[in-house]
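Only one structure is covered here, and it is reproduced in the block below.
We use all heavy atoms of the structure for the numbers below, so side chains are in, but hydrogens, waters and symmetry mates are not. Counting convention: from 1, in listed order, for ligands and their atoms alike.
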Amino acid sequence: MNKLNKLFIINFILIFCLVSCDKNQKNLRGTSINNSIEQKVDSVLNLMNLEEKIGQMVQYSAGWDLTGPASSKSAKEKVDRMKKGLVGSVLNVVSVKEVREAQKLVMENSRLKIPMIFAYDVIHGLKTIFPVPLAESASWDLDIIKKSAAIAAKESAASGLNWTFAPMVDVSRDARWGRIMEGVGEDPYLNSVIGVARIHGFQGDDLSDVNTIAACAKHFAGYGFAESGRDYNTVNIGEYELHNVILPPFKAAAEAGVATFMNSFNDIDGIPATGHEILQRDILKGDWNWKGFVVSDWGSIGEMKSHGYAKDKKHAAEIALNAGSDMDMESYAYESSLEKLLEEGKVSLEDINDAVKRILSLKFQLGLFDDPYKYCDEEKEKNDIYTKEHLAIARDAAKKSIVLLKNENNILPVSKNIKSIALIGPFADNKDQPLGNWRAKGTYNSAVSLLEGVKAKVGANTKVYYEKGIELTIPTVKPGNNQFLHPLEFNTENKEGIAKAVAVAKKSEIVFLAVGEDAYQTGEGRSQTKIGFAGLQNELIEAVYNVNKNIVLVLSTGRPMDISRVNNILPGILITWHLGSESGNGIADVLFGDYNPSGKLPVSFPRNVGQEPLFYNQKNTGRPYNPTHVTYSGYTDSKKSALYPFGFGLSYTAFSYDNLNVDRVETSKDGEIILSVDVKNTGTINGEEVVQLYIRDLVGSLVRPVKELKGFQKISLQAGETKKASFTIDKEVLQFYTINKKWEVESGDFYLFIGGDSSTKLKKKITIL
Ligand code: NOJ
């Protein structure tokens with residue numbers, strides 16, 4: 001037996017014992033070993049040579065479901081490296097069979113047999129598809145959000161996966177930016193609490209549980225502030241905006257124990273996020289003392305060359321590692337350059353070791369060293385995916401995500417005994433569009449369509465007419481595929497269907513007009529300059545309106561759209577986003593009153609695209625807009641306000657807010673004030689209201705926003721019932737990142753606002769001494 005083989009066997013036995021002899025606390029040498037993951041990691045690290053260490057820092061895409069530019073490395077080369085144990089993780093390999101095969105390459109061939117982690121973009125479900133994240137955020141329901149993430153994790157884990165690239169917690173304020181669908185919208189607080197709910201859902205209480213997977217807070221940082229809403233574009237924000245607006249959701253994610261972070265494609269004020277040492281080393285791993293690992297975004301290390309920040313790939317690897325990027329997704333920069341860079345003294349072994357330790361630590365936490373095939377259970381794959389129970393929760397999530405914007409003359413809910421309904425529009429009988437973008441392994445054409453949902457709801461005496469009216473689907477390369485043909489063009493020629501739609505509208509009591517945006521109009525790389533109705537939708541709406549005014553707009557979209565024109569004329573508007581597998585059922589639950597809508601907008605709906613980026617938590621300026629000075633910080637051709645503000649959403653009942661009280665009007669910086677309010681359901685049916693708390697810090701060492709969301713409670717109220725909602729106003733609520741570069745409370749006056757949306761005027765003044 002040659003030396004190398006001997007070493008291989010000894011090392012294998014050593015690792016095997018380190019991980020499997022925990023229970024009797026002994027390793028090969030008979031010495032007692034500490035159970036702590038840190039020590040196990042150190043022991044494995046000690047066995048690794050430099051090439052193997054660097055290998056752990058490499059992530060390949062190994063499937064066909066490419067989510068970035070096609071890989072320049074051949075499958076054979078990738079397989080060869082896996083066999084040598086030189087790949088830490090792969091993405092886009094999904095299914096027990098494929099994961100097992102890939103893991104075997106490492107386990108049966110490599111020297112140290114360090115299992116790989118399997119990642120995938122499980123953004124809103126694996127096979128059971130939940131509402132897109134922006135939609136689900138409109139539920140303001142942390143419980144259902146956590147549940148849906150837990151189901152996504154369970155289905156993923158049953159498919160061999162153990163790591164998702166979610167949640168995206170980028171504060172996003174520009175409707176033109178296609179990725180707005182993937183996050184929580186415009187508010188830092190809402191992004192924080194929903195991000196944390198998702199992390200808890202994915203990771204559960206224990207990462208070693210076989211039904212949980214590691215989460216990833218992305219994109220660190222600033223990605224949602226891409227200039228002009230163009231994806232991957234430059235971000236120009238100052239230090240204070242970064243700390244007060246962009247970082248809080250990431251800090252919350254770190255504190256919630258998110259296993260990984262992903263950095264970002266954009267540069268911030270000239271420094272690409274991937275090469276941003278202050279962000280990754282000083283703030284994330286330093287100030288926040290976070291122990292997970294940072295994966296680059298797809299090719300983002302190599303892309304620092306295009307940014308004009310790195311001379312070549314080698315230079316990019318140097319910058320990225322020094323800045324704290326631990327794993328290289330698909331740039332091949334670490335594998336090709338780190339060894340040389342170390343020789344040249346441009347990177348340190350300490351940083352390489354630190355990155356590897358972080359990666360190994362997650363592998364231990366997931367239990368992969370105990371059983372590399374832990375997530376490869378064919379039985380679970382058969383039984384745990386797309387179950388009835390999961391679909392029931394998807395339906396719950398769908399109905400809770402719907403936002404009722406307009407309901408003139410109580411056009412909704414509709415009686416199940418109504419005589420006739422015309423269901424019109426390109427999305428009325430569409431079984432694919434509701435799945436939205438980033439639908440993981442969602443089956444093409446598998447959603448419940450609106451037509452199916454409506455038909456299942458009404459009795460035999462109701463006539464349901466359906467006409468598509470116009471075509472609107474994006475021509476994709478192949479059905480269900482995320483790649484579409486550019487430029488985006490919709491049919492504006494074929495108007496034949498409009499006449500048919502008019503005919504059914506004429507003979508129906510009510511029209512449900514299912515319009516909006518196709519699934520692939522939002523998502524990565526789907527930025528648009530127009531956010532109105534594409535193709536022939538306006539013509540269709542007008543033609544139908546001319547013969548029947550009793551219309552409910554059922555708007556499915558992944559972004560806030562410009563709906564000003566229809567808002568002026570149509571009596572009913574329901575935002576139904578892209579709601580996932582159970583879309584049609586969820587919408588029908590709301591249309592027919594089986595569920596009283598409770599969703600609230602997580603993003604402002606603008607009057608027109610020219611207002612973008614539009615968000616409620618803006619600053620006042622020295623010349624604040626007011627109706628007598630419309631030119632002040634406003635527009636001469638449009639109102640400045642949103643058409644529908646952040647936090648807005650109607651119910652079939654109504655709520656009143658009374659007796660707003662504080663238990664004291666002054667306190668110290670460390671003190672507490674209790675704010676309470678009586679919320680009453682003044683209508684005749686039961687409902688839920690999201691009671692929202694906003695603050696305004698009137699004078700600060702830095703200019704503070706006119707309003708900032710600081711808390712909310714979703715409460716159920718029976719008809720006529722009143723409940724008291726109370727909020728504790730303390731340091732957590734009042735502090736901000738001040739001119740002293742610290743989170744602190746400043747003395748002075750604050751307004752505390754309470755209400756059902758961000759335009760509320762109901763307030764109390766308090767003073768911090
Ligand atoms: C690029 C996207 O920006 C990121 O969010 C995603 O997780 C990766 N591709 C992997 O697919």
**Request:** Examine Phe293 together with Trp163 and report whether their ring centres are nearer than 6.0 Å.
**Result:** yes
**Request:** Indicate whether any N or O donor in one side chain lies under 3.5 Å from an N or O acceptor in the other, for Gln56 and Tyr334.
**Result:** no
**Asked** Going by atom types alone, do Asp170 and Ser172 pair a side-chain donor with an acceptor below 3.5 Å?
**Response** no
**Request:** Could you name the option among Met168, Glu524, Lys218, Glu182 that has the heavy atom nearest to atom 2 (C) of ligand 1?
**Result:** Glu524
Are any of the N/O atoms in [X] less than 3.5 Å from those in ligand 1?
X: Arg179; value: yes
X: His219; value: yes
X: Asp297; value: yes
X: Asp121; value: yes

**Asked** Atoms of ligand 1 less than 4.0 Å from Phe265 heavy atoms?
**Response** 1 (C), 3 (O)
**Request:** Look at Asp80 together with Lys84 and state whether they make a salt bridge at an N to O cut-off of under 4.0 Å.
**Result:** no
**Request:** State plainly whether the residues Asp287 and Lys251 are in salt-bridge range, i.e. N to O under 4.0 Å.
**Result:** no
